[in-house]
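Following: one structure in structure tokens, then a few remarks.
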Amino acid sequence: MSLTKTIESLSEKQKKEKESLDLFLSTQTVIKEALNKLDFSNELFELLKEPLRMLTVRIPVKMDDGTVKVFTGYRSQHNDSVGPTKGGVRFHPDVDEEEVKALSVWMSLKCGIANLPFGGGKGGIRCDPRNMSFGELERLSRGYVRAISQIVGPTKDIPAPDVYTNSQIMAWMMDEYSRLREFDSPGFITGKPLVLGGSQGRETATARGVTICIEEAVKKKNINLQDARIVIQGFGNAGSFLAKFMHDAGAKVVGISDAHGALYDSEGLDIDYLLDRRDSFGTVTPLFKNVITNQELLEKECDILVPAAISNQITAQNADRIKASIIVEAANGPTTLEATKILDEKGVLLVPDILASAGGVTVSYFEWVQNNQGYYWSEEEVAEKLRKVMVGSFETIYQTAQSHQVNMRLAAYMVGIRKVAEASHYRGWV
Ligand SMILES: NC(=O)C1=CN([C@@H]2O[C@H](COP(=O)(O)OP(=O)(O)OC[C@H]3O[C@@H](n4cnc5c(N)ncnc54)[C@H](O)[C@@H]3O)[C@@H](O)[C@H]2O)C=CC1
Ligand SMILES: O=C(O)CCC(=O)C(=O)O
């Protein structure tokens with residue numbers, strides 16, 4: 001049987017699991033390459049190729065109809081040699097172990113790039129919050145915290161929002177942790193509402209960071225942002241604020257999408273109207289008739305393409321047909337390794353996820369610092385500190401790519417892995 005036939009015969013769930021595994025294996029491949037380029041030992045690769053800890057939990061939740069449903073959750077801690085682990089929690093029907101593992105490795109790299117005193121962690125629950133009531137979501141969030149409480153905490157592992165989780169879910173999780181510890185613990189989690197110790201600017205931080213990367217990338221390509229046409233896949237936290245920032249900067253947002261489909265208009269979309277109509281899960285396209293698919297959107301005419309939804313969107317199957325000359329990855333893992341090679345050959349400037357989406361964790365770090373010191377900063381202070389981190393990180397990685405004659409992804413892995421590799425070494429682990 002041919003390989004294509006074999007893959008076709010897999011169920012949707014098996015296909016997703018295979019994609020997650022491929023994503024994780026590709027991550028290991030690039031880590032190995034980065035460590036080799038930096039002359040680190042193979043022992044370090046053996047340590048860093050897998051998370052130190054991976055906890056799988058079962059969470060029973062009383063549903064509104066009186067039945068009990070048991071959900072599967074994960075928390076992966078890649079490496080805590082630099083400091084406590086840090087990373088979001090994703091609520092999504094497709095979450096699986098390999099994906100969470102890969103996401104936690106990327107968090108170590110992001111923290112290394114932004115020079116934060118954290119290692120990488122990540123969590124997820126296999127569920128579809130779009131079909132759950134507020135009460136069910138609260139019980140699930142609290143149940144997850146009880147299940148992972150032994151391995152998390154303000155000096156151990158600090159969660160945050162990710163796909164389909166938000167400040168309300170962070171608030172429930174913080175409250176549950178504080179009750180367990182009998183101590184108010186705002187520093188247990190970031191991305192909280194402002195009144196519970198959230199930081200100014202955290203909600204928009206990921207999109208701000210992506211915006212800064214776009215501003216830096218267009219300079220390198222001699223493109224004027226005001227003349228640029230932008231396609232954004234995903235209209236949630238990252239995608240929708242980015243659309244707003246790009247629109248306000250005078251660029252033309254010609255395409256956006258959500259889990260149900262995509263909208264494209266070469267004359268530019270009415271972003272304020274779309275923002276007004278989107279729901280809290282970043283859904284807007286079901287309100288329209290002229291909807292195209294997410295895959296069609298990726299191949300549309302534009303100058304800048306920003307995948308800001310889920311992983312494995314740009315693959316060897318479609319990379320050749322991508323028209324953008326700049327791709328800035330707001331999502332985690334949207335481009336496969338094979339696709340990265342094809343895009344390199346086409347001369348596309350690809351700003352990788354572990355750099356482009358580092359704005360979120362950077363402001364999460366600021367939130368944690370403010371919680372620890374009990375003194376809070378203005379939005380301007382946060383924005384200024386974030387800009388400094390993002391511009392500096394972009395330039396370091398761009399220059400590393402130039403001087404080593406490698407692409408921005410490998411350069412970002414080289415910059416990102418150094419801190420965790422050195423910290424593991426100094427601790428005497430390898
Ligand atoms: N929120 C944050 O602070 C950060 C988010 N990210 C990454 O950015 C990406 C988006 O995250 P958020 O905006 O926070 O999530 P979100 O939950 O706010 O929005 C997700 C968006 O993706 C769309 N989507 C979901 N499934 C899809 C599918 N199968 N096909 C196409 N679109 C789909 C949703 O409809 C929604 O518009 C994720 O990869 C996340 O890991 C990265 C760094 C930080
Ligand atoms: O804000 C954080 O701590 C983590 C954000 C996150 O999960 C990510 O960057 O993928």
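All values below come from the heavy atoms of this structure, side chains included, with hydrogens, waters and symmetry mates left out. Order of appearance sets the numbers: ligands from 1, and atoms from 1 within every ligand.
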*Do Ile326 and Asp303 have side-chain heavy atoms sitting under 4.5 Å apart?*
no
_Candidate pair Gln313 and Gln295, rule side-chain contact (heavy atoms from CB on, under 4.5 Å), full reasoning_ = CA-CA 8 Å; Gln313 295 302 290; Gln295 284 306 310; 3.5 Å; yes
*asked:* Is there a polar contact between ligand 1 and Lys122, counting only N or O atoms under 3.5 Å apart?
replied: no
_Any non-hydrogen side-chain atom of Glu97 less than 4.5 Å from a side-chain atom of Met54?_
yes
*In the protein, which heavy atom is nearest to atom 22 (O) of ligand 1, and how far is it?*
Ala309 CB, 3.5 Å
*Protein residue, atom and distance nearest to atom 21 (C) of ligand 1, heavy-atom basis*: Gly236 N, 3.9 Å
_Salt bridge or not between Lys110 and Asp353? Use side-chain N to carboxylate O under 4.0 Å._
no
*Measure from atom 10 (C) of ligand 1 to every heavy atom in Ala356, Ala330, Ala308 and give the option owning the shortest one.*
Ala308
_Looking at ligand 1, is there an atom of it that comes within less than 4.0 Å of some heavy atom belonging to Lys110?_
yes
*Among protein heavy atoms, which lies nearest atom 29 (N) of ligand 1, and at what distance?*
Ile310 CD1, 3.2 Å
_Proximal atoms of ligand 1 relative to Phe281 (non-hydrogen, under 4.0 Å)_ = 34 (C), 35 (O), 36 (C), 37 (O)
*May I ask you to check whether Pro161 has an N/O atom sitting below 3.5 Å from an N/O atom of ligand 1?*
no
*Mind checking whether Ser178 and Ser185 have side chains closer than 4.5 Å, heavy atoms only?*
yes
*Counting each atom of ligand 1 from 1 as listed, which ones have a heavy atom of His92 under 4.0 Å away?*
26 (N)
*Test Thr285 against every option in Asn294, Asn290, Val291 by the side chain to side chain contact (heavy atoms under 4.5 Å, CB included) rule and name the one that passes.*
Val291
*Look only at interatomic distance and state if Ser257 has a nitrogen or oxygen under 3.5 Å from any nitrogen or oxygen of ligand 1.*
no
*Answer yes or no: does an N/O atom from Thr283 fall short of 3.5 Å to an N/O atom of ligand 1?*
no
*Does any N or O atom in Gln233 lie less than 3.5 angstrom from one in ligand 1, N or O only?*
no
*Do the numbers put Lys220 on top of the ring of Tyr398, so that NZ or CZ is under 6.0 Å from the six-membered ring centre and no more than 45° off the axis?*
yes
*Please confirm whether Arg90 comes within less than 3.5 Å of ligand 1 when only nitrogen or oxygen atoms on both sides are compared.*
yes
*Parallel, tilted or perpendicular: which fits the ring planes of Trp368 and Phe118, with parallel below 30° and perpendicular above 60°?*
perpendicular
*Is it possible for you to check whether Lys385 lies under 6.0 Å from the centre of the six-membered ring of Trp377, through NZ or CZ, and within 45° of that ring's axis?*
yes
*Backbone, side chain, both or neither: what part of Arg202 comes under 4.0 angstrom of ligand 1, heavy atoms only?*
side chain
Write none if no such pair exists; otherwise list each N/O atom of ligand 2 with its protein N/O partner under 3.5 Å and the distance.
residue: ligand 2; atom: 1 (O); partner: Arg202; partner atom: NH2; Å: 2.9
residue: ligand 2; atom: 1 (O); partner: Ser364; partner atom: OG; Å: 2.6
residue: ligand 2; atom: 3 (O); partner: Lys86; partner atom: NZ; Å: 2.7
residue: ligand 2; atom: 3 (O); partner: Ser364; partner atom: OG; Å: 3.4
residue: ligand 2; atom: 7 (O); partner: Gly88; partner atom: N; Å: 2.9
residue: ligand 2; atom: 7 (O); partner: Lys122; partner atom: NZ; Å: 2.7
residue: ligand 2; atom: 9 (O); partner: Lys110; partner atom: NZ; Å: 2.7
residue: ligand 2; atom: 10 (O); partner: Lys110; partner atom: NZ; Å: 3.0
residue: ligand 2; atom: 10 (O); partner: Lys122; partner atom: NZ; Å: 2.7
residue: ligand 2; atom: 10 (O); partner: Asn332; partner atom: ND2; Å: 3.0

_Step-by-step side-chain contact (heavy atoms from CB on, under 4.5 Å) determination, Ile322 to Val348_ = CA-CA 9 Å; Ile322 301 274; Val348 174; 5.7 Å; no
*So do Met173 and Tyr144 actually touch side chain to side chain, heavy atoms under 4.5 Å?*
yes
*Nearest protein heavy atom to atom 40 (C) of ligand 1, by residue and atom, and its distance?*
Asp162 OD1, 3.3 Å
*Could you list which atoms of ligand 1 come closer than 4.0 Å to a heavy atom of Ser357?*
42 (C), 43 (C)
*Compare every heavy atom of Phe245 with every heavy atom of Ala207, then report the nearest pair and how far apart it is.*
CB-CE1, 3.8 Å
_Suppose we measure from atom 35 (O) of ligand 1 to each protein heavy atom; which comes out shortest, and what is that distance?_
Ala259 N, 2.9 Å
*Close aromatic pair by centroid cut-off 6.0 Å: Trp106 and Tyr413*: no
*Between Asp320 and Lys346, does a side-chain contact (heavy atoms from CB on, under 4.5 Å) hold up when you go through it step by step?*
CA-CA 8 Å; Asp320 222 13; Lys346 278 164 55 110; 3.9 Å; yes
*Check ring pair (Phe, Tyr, Trp, His ring centres under 6.0 Å) between Tyr164 and all other residues, then give those that pass, not counting sequence neighbours.*
His92, Phe281
*Applying a 4.0 Å heavy-atom criterion (strictly less than), which segment of Asn294 is in contact with ligand 1: side chain, backbone, both, or neither?*
side chain
*asked:* Quick test: of every protein heavy atom, which one is nearest to atom 25 (C) of ligand 1, and how far off is it to 0.1 Å?
replied: Tyr164 OH, 3.2 Å
*Could you tell me whether Asn237 and ligand 1 have an N or O pair separated by under 3.5 Å?*
yes
*Report yes if some heavy atom in the side chain of Val382 is under 4.5 Å from a heavy atom in the side chain of Val363; otherwise report no.*
yes
_Residue selection (non-hydrogen contact nearest atom 3 (O) of ligand 1) among Val363, Val163, Thr206, Asp94_ = Thr206
*Pick, from Ala238, Gly333, Ser240, Gly234, the option with the minimum heavy-atom distance to atom 12 (P) of ligand 1.*
Ala238
*Find out whether Leu140 and Cys127 are in side-chain contact, i.e. whether some heavy atom of one side chain is under 4.5 Å from a heavy atom of the other.*
yes
*So is Gly282 polar-close to ligand 1, meaning N/O to N/O under 3.5 Å?*
yes
